[in-house]
Amino acid sequence: MKKKVLSILSLSIAFWINAQEKDSLNQKKIEEVVITGQYVQKSINKSIYKVEVIDEQQIKNMAATNAADVLNQTLNIQITPDTNSGNSTANIMGLGGDYVKILIDNIPVVGDTGLGSNIDLTKISLSNIERIEIVKGSMGVEYGNGALAGVINIITKKNSNKKLSIRAALQEETVRDGYDLKKRGKGRHIQNLNAGYNLNDHWFANISFNHNQFMGYEGNKKGYKHFGDEKKPMRGYEWNPKDQYEINALVRYAKNKTSFFYKISYLNEKFNFYNPVSTPESLNDGNGGTTYWATDREYNTGRWIHQFNIQTNFGHIRYMGDFSYQKQDRKYFDYIYDVPSRATVSEKPENSYYKTDVIYSRGMFSNFLNSKKFDFQLGYELDHTNGYASLIAGNFFEDSARRKIFTYGTFLSAEWNISDRFSVRPGARLSVSENFDNQFNYSFSTRWKTSGNSNLRGVFGTANRYPTYDELYTYFVNLNHDIQGNADLKPENGYSLGLFWDQGFSLGDGWKLNYNLEALYVDLKDKIELVMVKKPSTYKYLNMDTYRSLLFAANANLVKDQFSLGVRTSLNGISVSRYDMDIASPTDFQYNFQAGANVSYKLKNIHTTFNLYYKYTGPARLYVLENEAFRIGKTDGFHMMDFIVSQPFWKDRLELSAGVKNIFDVTSVNSTTNGGNAHTAGSDRLNLYYGRSYFARLMYQF
């Protein structure tokens, strides 16, 4: 397999190096700016934080359709899919979605269980995205609860250099070897439309529509039509079907030092779960006839996001305010399906599964002294979340879990440019919650411009995470189980310490090279785990574990005219101290190696663009409790590769793209890291993707 990877990479690189030259886009590329963790929008080179940016052109070149597709290509971010719920969340340095804060335009996104954390990234389309900004490490001072492993900030477009701009795209994909346009067919079908209009020099309006229909992947199962012996439950899908519609509208005003925008977004998602077991039912026809019934379930999610942002000056004091009302209601209903007849026999009433309503505001004041030498920022953040989780979402005591949380945070930081080359920023936050003790977070960041084209950054930060519904309220007690939440849980607390160096320079003859080195350490205490407190089967959520993650990474990018080559490597070590009754796990670090490469080339005369993306994720090891002892479990490594060709026509107004994703046909990998828990038995396979797919996209731009 490794030889095959190296062969394809070598052939691709050789092909593009021998092709013809010059990409005018690279020649006139302007300096990138970022907003994540900044007082104001700032050049990426002047940012005091290390910010990784995936821009609009990169997203377009990947033929990605949602945030999960893009982030899958990023090292040390693993998208973790749940084929039963349909959700896919981000894992950074081994910490899952509860520890990664997902923002859209600097505002946390509403999800099933709250605000910003554990967000399904397949619900974030890319039809109007300008860039994605990623900051790894604890960002509790700037972004509060849940920002322990990092922050992913998705920035939408808010202007255009044309009076009228229109973009429409159709994209068709196979799902492994299956493709069919008919109802309940196969494949993946995506359509999106985006229109922007500059009313005058100050007003801009935009509207976008996106439809993403995934028809499911059967895998080793037989689809929704299958019925038969109950002892062989082969009905259904390994990846269940999902159908999404999303519409966004934005109005923006900008004049002098004041700008504001209002954005509204609505998402509707239908997710089908087909029961793998169908049971025989007598037809009572006097002839001994039998049919087969299955109890299936349909989930319907509605999500509204209202957002208002304003940036203005009161004298020389700069103010930036975010205001948002968001709600998400995930409903479900069960129905009896007559499989041979392809007919619904009966339906139960629809009920809410998870329901969340959020009022959110964040405001920041800066530039008090009107000095380029010294500035400080005073900010507040408030979050009023009204949450609901039904009994089927978790086994809660007596009734569905309802929870109102009001959290208020105030934060202060100062940025001191000691010289043209050296700046520091200390910061602190106090978070007050009616449900938990006060939380204090601190940060200290520094940037040293070591030369005209290199920077050294040191970043320290802390963050906390509040317990979830399941951890607080689970109560599942019967003859075989005794699993209990813990209303006395305290928030988890952690910190990160990072060192980042980047440098860029010219090699002559038009060649440019930039590279960066980074080291990042994350330490999390009081990690909440389900722990056996009494043999043989009494479990309770407790603040028990210590989690440590250590990352070393090196990246390089080589560019000349139309050619670019990026190479990335990382080594991530994880140490978890786990306890179960009188047993403790070893605390040594278990390391995972990752590597990636991307190659791009555009032919000079006909403007054909070739893009190749490669990512290798090495074997991962983790201590697992099994039979009252800890053992090392292993998840196999795997290779991912995508190849995409794009050809513009008609003065670049039309573009046809085609390619293959997941060339190595990865579906699931062997894994012995899941020893099972009090709820479920362990599995020796880890589902990752649905295999190789082929796609074609037609895009019109005006």
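All heavy atoms count here, side chains included; hydrogens, waters and symmetry mates do not.
- In this structure, the side chains of Gln311 and Ser259 come closer than 4.5 Å at one or more pairs of heavy atoms.
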Determine, step by step, whether Met641 and Leu612 satisfy the side chain to side chain contact (heavy atoms under 4.5 Å, CB included) criterion, reporting the C-alpha distance in whole Å, the side-chain angles of both residues, the deciding distance to 0.1 Å, and the verdict.
-> CA-CA 7 Å; Met641 183 179 285; Leu612 182 91; 3.9 Å; yes
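- A donor-acceptor pair under 3.5 Å links the side-chain atoms of Thr569 to the main chain of Ala554, judged by distance alone.
- Checking Lys101 against Ser117 by side-chain atom types alone, no donor-acceptor pair falls below 3.5 Å.
- Here the CD1 atom belonging to Ile207 is positioned 9.0 Å from the CG atom belonging to Asn248, to the nearest 0.5 angstrom.
- Considering only residues two or more places apart in sequence or on other chains, Tyr690 meets the side-chain hydrogen bond (donor to acceptor under 3.5 Å, both in side chains) condition with none of them.
- Side-chain contact, Gln307 with Asn309: no donor N or O sits under 3.5 Å from an acceptor N or O.
- Every residue was checked against the ring pair (Phe, Tyr, Trp, His ring centres under 6.0 Å) condition with Phe649, not counting sequence neighbours, and none meets it.
- For the pair Asn516 (side chain) and Gln503 (backbone), a donor-acceptor distance under 3.5 Å is absent.
- Taking CG of Asn87 as the start and CG of Asn118 as the end, the distance is 7.5 Å to the nearest 0.5 Å.
- Note: Trp304 and Tyr266 have tilted aromatic rings, judged against thresholds of 30 and 60 degrees for the angle between ring planes.
- By the 30° and 60° cut-offs, the orientation of the rings of Phe260 relative to Trp203 is perpendicular.
- Under 3.5 Å, the side chains of Thr258 and Thr312 contain a donor-acceptor pair of N or O atoms.
- For the pair Arg457 (side chain) and Ser47 (backbone), a donor-acceptor distance under 3.5 Å is present.
- Contact check on Glu133 versus Arg131 returns a salt bridge, with a Lys/Arg side-chain nitrogen under 4.0 Å from an Asp/Glu carboxylate oxygen.
- In terms of heavy atoms, Tyr689 sits closest to Val666 at CB-O, 3.4 Å.
- Among residues at least two apart or in separate chains, salt bridge (Lys or Arg N to Asp or Glu O under 4.0 Å) pairs with a member in residues 187-210 are Asp69-Arg188, Glu173-Arg188.
- Taking the six-membered ring for Trp and the full ring otherwise, the centers of Tyr262 and Phe308 sit at least 6.0 Å from each other.
- Side-chain N or O atoms of Ser549 include one that pairs as donor or acceptor with a backbone N or O of Met93 at under 3.5 Å.
- Lys42 NZ: more than 12 foreign heavy atoms inside a 6.0 Å radius.
- Evaluation of the salt bridge (Lys or Arg N to Asp or Glu O under 4.0 Å) test over residues 246-266, restricted to residues two or more places apart or in two chains, returns Asp105-Lys263, Glu246-Arg303.
- Between Ile77 and Asn91 the shortest side-chain heavy-atom distance does not fall below 4.5 Å.
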When you look at Val34 and Val53, which way does the side chain to side chain contact (heavy atoms under 4.5 Å, CB included) test go after all the steps?
-> CA-CA 8 Å; Val34 293; Val53 176; 3.5 Å; yes
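- Atoms OG1 and CZ, on Thr65 and Phe214 in that order, are 11.0 Å from each other to the nearest 0.5 Å.
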Derivation of the side chain to side chain contact (heavy atoms under 4.5 Å, CB included) call for Lys157 and Asn206 | CA-CA 9 Å; Lys157 282 186 179 179; Asn206 176 272; 5.7 Å; no
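- Using a 4.0 Å cut-off between a side-chain N of Lys or Arg and a carboxylate O of Asp or Glu, Lys123 and Glu269 qualify as a salt bridge.
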What do the steps show when you test Asp561 against Lys602 for salt bridge (charged side-chain N to carboxylate O under 4.0 Å, His left out), and what is the final call?
-> CA-CA 9 Å; Asp561 301 328; Lys602 179 185 283 189; over 6 Å; no
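- Using modelled atom types, one side-chain atom of Lys560 and one backbone atom of Asp509 make a donor-acceptor pair closer than 3.5 Å.
- In terms of modelled atom types and a separation under 3.5 Å, the side chain of Arg167 and the main chain of Asn192 share no donor-acceptor contact.
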Show your working on side chain to side chain contact (heavy atoms under 4.5 Å, CB included) between Leu507 and Leu558 and close with a plain yes or no.
-> CA-CA 10 Å; Leu507 299 175; Leu558 183 65; 3.8 Å; yes
Could you walk me through whether Asn212 and Gln191 pass the side-chain hydrogen bond (donor to acceptor under 3.5 Å, both in side chains) check?
-> CA-CA 7 Å; Asn212 190 336; Gln191 310 92 43; over 6 Å; no
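- Asn605 CG to Thr608 OG1: the interatomic distance, rounded to the nearest 0.5 Å, is 10.0 Å.
- There is a side-chain donor-acceptor pair under 3.5 Å between Ser570 and Asn76.
- Between the side chains of Arg425 and Ser445, no donor N or O sits under 3.5 Å from an acceptor N or O.
- When all heavy atoms of Lys163 and Leu199 are compared, the pair lying nearest together is NZ-O, 3.2 Å.
- Here the side chain of Lys615 pairs no donor or acceptor atom with the backbone of His639 at under 3.5 angstrom.
- Here the CG atom belonging to Asn268 is positioned 8.5 Å from the OH atom belonging to Tyr245, to the nearest 0.5 angstrom.
- In this structure, a donor-acceptor pair under 3.5 Å is absent between the side chains of Thr122 and Asn66.
- Centroid-to-centroid, the aromatic rings of Trp501 and Tyr515 come within less than 6.0 Å.
- In this structure, CD on Glu142 lies 3.0 Å from OH on Tyr49, to the nearest 0.5 angstrom.
- Not counting sequence neighbours, the partners of Tyr179 by the ring pair (Phe, Tyr, Trp, His ring centres under 6.0 Å) test are His189.
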Distance-only check: which donor-acceptor pairs under 3.5 Å involve side-chain atoms of residues 693-702, not counting sequence neighbours?
residue: Arg697; atom: NH1; partner: Lys60; partner atom: O; Å: 3.3
residue: Arg697; atom: NH2; partner: Lys60; partner atom: O; Å: 3.3
residue: Arg697; atom: NH2; partner: Ser657; partner atom: OG; Å: 3.2

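- In this structure a side-chain-to-backbone donor-acceptor pair under 3.5 Å is present from Asp120 to Ser88.
- A salt bridge is defined here as a Lys NZ or Arg NE, NH1 or NH2 lying under 4.0 Å from an Asp or Glu carboxylate O, and Asp177 with Arg692 fails to meet this definition.
- Under the 3.5 Å distance criterion, the side-chain polar atoms of Ser496 are matched with a main-chain donor or acceptor of Ser138.
- In this structure, Asp420 places its CG atom where only 12 or fewer heavy-atom neighbours from other residues, nucleotides or ligands lie under 6.0 Å away.
- In the model, Asn455 has no side-chain atom that pairs as donor or acceptor with a side-chain atom of Asn45 under 3.5 Å.
- For the pair Lys158 and Phe261, the cation sits on the ring face: its NZ or CZ lies under 6.0 Å from the ring centre, inside 45° of the axis.
- Within the 4.5 Å cutoff, the side chain of Ile132 has no heavy atoms near those of the Ile155 side chain.
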Assess whether side-chain hydrogen bond (donor to acceptor under 3.5 Å, both in side chains) is satisfied between Asn194 and Asn128, documenting all intermediate values.
-> CA-CA 7 Å; Asn194 185 290; Asn128 191 41; 3.0 Å; yes
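- Side-chain N or O atoms of Ser324 include one that pairs as donor or acceptor with a backbone N or O of His306 at under 3.5 Å.
- Side chains of Arg568 and Asn555: no donor on one and acceptor on the other come within 3.5 Å.
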